[in-house]
Amino acid sequence: QVQLVESGGGLVQAGGSLRLSCAASGRTFSSYTMGWFRQAPGKEREFVAAISWSGGNTYYADSVKGRFTISNDNAKNTVYLQMNSLKPEDTAVYLCAVDRWDRGSYYEGHYNYWGQGTQVTVSS
C-alpha cells in the first residue's frame, strides 16, 4: 500500500499563492506518476497536474497552465504544487494520487492510490 498525505491548503485572497505538498510512504515503485486532482462542491473531480517520477515530464490542465507548477523531491518522496495567481474558481479540495504504471495520465481511473485531500479556498 501507498500512503499519501497532503498539506498546505488554506484560505487565500484572489491573486495570492499557496504551495501544496504531498508526502508518499509505504510501498515504492521504480517509476510512477504523481498527480494532483481537485473537486469543488457539486462538481466532478478534475485533473490539475501530474509529474512522471522517472523522466520528470509534467502535465497540466489548460485551466492552470502558466499559474501552477508541479515539482518533486525524490529524496523526500514528496510532490509539490505551487499555485500562483489564484482565482475563486480554483476553490476545491485538492487530492494527490499515484499511478504505479507511470502513464502520465489525465484520467483519474489510472491512479491507484489517493490521499484524503486538502481544502483550498480562494476569496474574491
Side-chain angles (χ1 to χ4, degrees):
Q1 285 290 341
V2 175
Q3 291 78 44
L4 302 171
V5 179
E6 302 98 333
S7 61
L11 173 64
V12 64
Q13 288 188 332
S17 299
L18 283 174
R19 188 176 83 151
L20 306 183
S21 301
C22 175
S25 61
R27 185 177 180 183
T28 59
F29 308 102
S30 58
S31 63
Y32 53 96
T33 295
M34 287 193 77
W36 285 98
F37 289 76
R38 66 186 182 186
Q39 188 163 20
K43 294 188 177 180
E44 293 187 352
R45 187 174 298 179
E46 64 174 356
F47 171 81
V48 176
I51 185 166
S52 171
W53 220 258
S54 57
N57 294 326
T58 57
Y59 312 88
Y60 295 95
D62 288 343
S63 59
V64 306
K65 278 181 182 177
R67 299 189 298 124
F68 291 10
T69 302
I70 190 169
S71 62
N72 62 351
D73 183 330
N74 289 338
K76 296 181 179 180
N77 286 330
T78 299
V79 64
Y80 303 99
L81 186 68
Q82 178 66 44
M83 306 186 295
N84 298 328
S85 302
L86 283 161
K87 305 174 181 179
E89 51 263 44
D90 294 318
T91 295
V93 174
Y94 284 70
L95 306 100
C96 70
V98 167
D99 168 16
R100 61 169 294 180
W101 301 113
D102 197 16
R103 287 167 282 197
S105 177
Y106 293 62
Y107 174 49
E108 65 174 289
H110 284 163
Y111 289 79
N112 315 101
Y113 305 97
W114 292 83
Q116 294 298 308
T118 185
Q119 177 71 46
V120 171
T121 303
V122 185
S123 63
S124 57

Worksheet item: Taking Glu6 for the side chain and Gln116 for the main chain, is one N or O donor matched with an acceptor at less than 3.5 Å?
Response: yes
Fill in: Val120: side-chain contact (heavy atoms from CB on, under 4.5 Å) partners, not counting sequence neighbours
Leu18, Leu20, Met83, Tyr94, Val122
Worksheet item: Rounded to the nearest 0.5 Å, how far does CD of Gln13 lie from OG of Ser123?
Response: 5.0 Å
Discussion item. The criterion is side chain to side chain donor-acceptor pair (under 3.5 Å); which residues satisfy it with Glu89, sequence neighbours excluded?
Written reply: none
Practice prompt. Find out whether Phe68 and Leu86 are in side-chain contact, i.e. whether some heavy atom of one side chain is under 4.5 Å from a heavy atom of the other.
Written response: yes
Fill in: salt bridge (Lys or Arg N to Asp or Glu O under 4.0 Å) against Arg27, all qualifying residues, sequence neighbours excluded
none
Response to the item:
Between the CD atom in Glu108 and the CZ atom in Arg45, the distance rounded to the nearest 0.5 Å is 5.5 Å
Worksheet item: Could you give the distance from CZ (Arg100) to OG (Ser31), rounded to the nearest 0.5 Å?
Response: 10.0 Å
Worksheet item: Any chain of hydrophobic side-chain contacts (each under 4.5 Å) joining Val64 to Val79?
Response: yes
Worksheet, complete the sentence: Ser25 meets the side chain to side chain donor-acceptor pair (under 3.5 Å) criterion, sequence neighbours left out, with none
Fill in: Partners passing side chain to side chain donor-acceptor pair (under 3.5 Å) against Arg19 (at least two apart in sequence or in another chain)
none
Response to the item:
Sequence neighbours excluded, the answer for side-chain contact (heavy atoms from CB on, under 4.5 Å) partners of Gln1 is Gln3, Tyr113
Practice prompt. Let me see the working for Leu81 and Arg38 under side-chain contact (heavy atoms from CB on, under 4.5 Å), right down to the final yes or no.
Written response: CA-CA 12 Å; Leu81 186 68; Arg38 66 186 182 186; over 6 Å; no
Worksheet entry | Side-chain heavy atoms of Tyr60 within contact of Ile70, under 4.5 Å | yes
Fill in: Same cluster (ILVMFWY, side-chain, under 4.5 Å), Val93 and Val12
no
Item to complete: Would you please name every residue forming a side-chain contact (heavy atoms from CB on, under 4.5 Å) with Thr78, sequence neighbours left out?
Response: Ser21, Ala23, Lys76, Tyr80
Practice prompt. Just jot down the salt bridge (Lys or Arg N to Asp or Glu O under 4.0 Å) partners of Arg67, sequence neighbours excluded, or say none.
Written response: Asp90
Practice prompt. Compare every heavy atom of Gly117 with every heavy atom of Leu95, then report the nearest pair and how far apart it is.
Written response: CG-CA, 4.0 Å
Response to the item:
Interatomic distance, CG@Asn77 vs OH@Tyr32, rounded to 0.5 Å, equals 4.5 Å
Practice prompt. Not counting sequence neighbours, which residues clear side chain to side chain donor-acceptor pair (under 3.5 Å) with Ser17? List them please.
Written response: Asn84
Worksheet item: Does some side-chain heavy atom of Thr91 sit less than 4.5 Å from a side-chain heavy atom of Gln119?
Response: yes
Worksheet item: What are the two closest heavy atoms between Pro88 and Ser124, and how far apart are they?
Response: CG-CB, 3.8 Å
Worksheet entry | Hphob cluster co-occupancy, Val48 + Met34, side-chain heavy atoms under 4.5 angstrom | yes
Response to the item:
To the nearest 0.5 Å, atom OG of Ser105 lies from atom CG of Asp99 at 6.5 Å
Discussion item. My understanding is that only residues two or more places apart in sequence, or in another chain, count here; which of them pass side-chain contact (heavy atoms from CB on, under 4.5 Å) with Ala50?
Written reply: Thr33, Phe47, Tyr59, Tyr111
Discussion item. How long is the straight-line distance from CG of Asn74 back to CH2 of Trp53, given to the nearest 0.5 Å?
Written reply: 5.5 Å
